[in-house]
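Reading through the structure tokens given below for one structure.
As the structure is a computational prediction, the values presented were derived from the model and not from experiment. Side chains are part of it too, since the values below use all heavy atoms of this structure and drop only hydrogens, waters and symmetry mates.
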Amino acid sequence: MSNIYGYIRVSTREQNEDRQLIALCEMAVSEKNIFMDKQSGKDFNRPQYKKLVKKLKPGDLLYIKSIDRLGRNYGEILEQWRILTKEKGIDIVVLDMPLPENFHENYQRWKSGEITCTTAARACGLPLSTFRDKAAAYEKAILP
């Protein structure tokens, strides 16, 4: 059984994490599964991040508000992304990243039964679970 987690990072104790917390709660991430660090993103030596990584199991889903919440160094972010997705076997959803350009088209083809969900996910360059999560969020956004 996979779990859904969220990670929040603010650079200083004075910064407000509310925007990130609200975004994760809107994605139905349980508060008990949200990990938060209040320190610089200069490296990944952060207590809550380390605790989160230890908990992650294959098939889990991790939400973050924006890619820079993982860290400041692009190379280190890429390495962590590789560790999380390849070694840990989880999916990551970055809420502030736009959907792939062809998402709408493939979503429509999938919903009409023209293609399978797996085919739609591949066409978008997304893992199946990420495509499903984006589809659910998309439906929530377009349906009243």
Side-chain angles (χ1 to χ4, degrees), residues 1-41 43-74 76-112 115-144:
M1 173 155 214
S2 57
N3 291 303
I4 298 174
Y5 293 96
Y7 180 69
I8 295 172
R9 183 186 65 78
V10 291
S11 299
T12 66
R13 296 212 177 274
E14 293 76 40
Q15 284 185 324
N16 192 323
E17 68 277 357
D18 289 350
R19 186 176 59 90
Q20 294 176 66
L21 187 59
I22 290 166
L24 295 179
C25 289
E26 285 176 353
M27 299 310 296
V29 180
S30 168
E31 286 202 41
K32 70 178 178 55
N33 286 347
I34 295 176
F35 293 77
M36 179 174 48
D37 284 307
K38 290 190 175 192
Q39 67 186 78
S40 168
D43 59 38
F44 286 88
N45 190 21
R46 297 176 232 135
Q48 289 298 303
Y49 182 77
K50 286 179 166 183
K51 192 174 181 181
L52 167 65
V53 172
K54 283 183 183 173
K55 277 188 144 300
L56 294 170
K57 304 280 183 265
D60 285 349
L61 177 63
L62 173 64
Y63 282 104
I64 56 174
K65 176 75 170 132
S66 58
I67 196 73
D68 66 339
R69 297 302 84 204
L70 273 182
R72 288 193 326 221
N73 180 297
Y74 182 69
E76 288 179 2
I77 290 171
L78 287 177
E79 177 61 12
Q80 284 300 306
W81 192 280
R82 184 195 65 76
I83 290 168
L84 295 172
T85 59
K86 303 295 182 209
E87 293 179 17
K88 287 288 200 174
I90 70 156
D91 286 317
I92 304 171
V93 174
V94 180
L95 297 173
D96 284 352
M97 287 178 75
L99 293 171
E101 287 181 27
N102 61 353
F103 178 84
H104 180 76
E105 173 191 338
N106 285 294
Y107 169 83
Q108 295 295 345
R109 291 178 65 206
W110 167 60
K111 285 307 263 189
S112 71
I115 60 175
T116 66
C117 190
T118 302
T119 302
R122 274 194 204 120
C124 292
L126 297 171
L128 179 59
S129 59
T130 302
F131 179 85
R132 285 186 175 143
D133 289 329
K134 288 189 178 292
Y138 182 72
E139 288 169 356
K140 201 156 92 173
I142 62 171
L143 299 174

- request: Taking all heavy atoms of I77 and all of G71, pick out the closest pair and write down the distance.
  value: CD1-O, 3.1 Å
- prompt: Is a donor on one side and an acceptor on the other found under 3.5 Å between the side chain of S112 and the backbone of Q108?
  reply: yes
- line: One should read off an interatomic distance between Y107 OH and K134 NZ, to the nearest 0.5 angstrom, of 14.0 Å
- request: First locate atom OG1 of T119, then atom CG of N106, and finally report the distance between them rounded to the nearest 0.5 Å.
  value: 9.0 Å
message: Given the ring of F44, does R46 sit roughly above its face, with NZ or CZ under 6.0 Å from the centre of the six-membered ring and within 45° of the axis?
response: yes
query: Does any non-hydrogen side-chain atom of V10 lie less than 4.5 Å from one of Q20?
result: yes
statement: Separation between CG (L128) and SG (C117), nearest 0.5 Å, reads 5.0 Å
- prompt: Can you check side-chain contact (heavy atoms from CB on, under 4.5 Å) on Q39 and S11, steps first, answer last?
  reply: CA-CA 5 Å; Q39 67 186 78; S11 299; over 6 Å; no
Which atom of V94 lies closest to which atom of I67, heavy atoms considered: CG1-N, 3.5 Å
Throw together a table of side-chain donor-acceptor distances under 3.5 angstrom for residues 48-58, partners on residues two or more places apart or in other chains.
residue	atom	partner	partner atom	Å
Y49	OH	Q80	OE1	2.6
K50	NZ	N45	OD1	2.6

- prompt: Where the side chain of R9 meets the backbone of R69, is there a donor-acceptor pair that is under 3.5 Å apart?
  reply: yes
field: Exercise: identify the closest heavy-atom pair between V29 and G6
entry: CG1-N, 3.6 Å
query: Where do G59 and S2 come nearest, in terms of heavy atoms and distance?
result: O-CB, 3.0 Å
Student check: side-chain heavy atoms of L62 and D60 closer than 4.5 Å: no
message: With rounding to the nearest 0.5 angstrom, report the CG to CD distance, L21 to E26.
response: 10.0 Å
field: T130 side chain vs L126 backbone, donor-acceptor pair below 3.5 Å
entry: no
- prompt: Any side-chain heavy atom of Y63 within less than 4.5 Å of one from I34?
  reply: no
field: Check: P47 and D37 side chains under 4.5 Å, non-hydrogen atoms
entry: yes
K38/E17 salt bridge by N-O under 4.0 Å criterion: yes
message: Let me confirm one number: the CG-CD1 distance from L84 to I90, rounded to the nearest 0.5 Å.
response: 4.5 Å
task: Look at the aromatic rings of Y5 and F35 and report parallel, tilted or perpendicular, splitting at 30° and 60°.
output: tilted
message: Going by side-chain contact (heavy atoms from CB on, under 4.5 Å), L24 matches just one of N33, I8, I64. Which one?
response: I8
field: Spacing of CZ belonging to R19 relative to NZ belonging to K65, to within rounding of 0.5 Å
entry: 5.0 Å
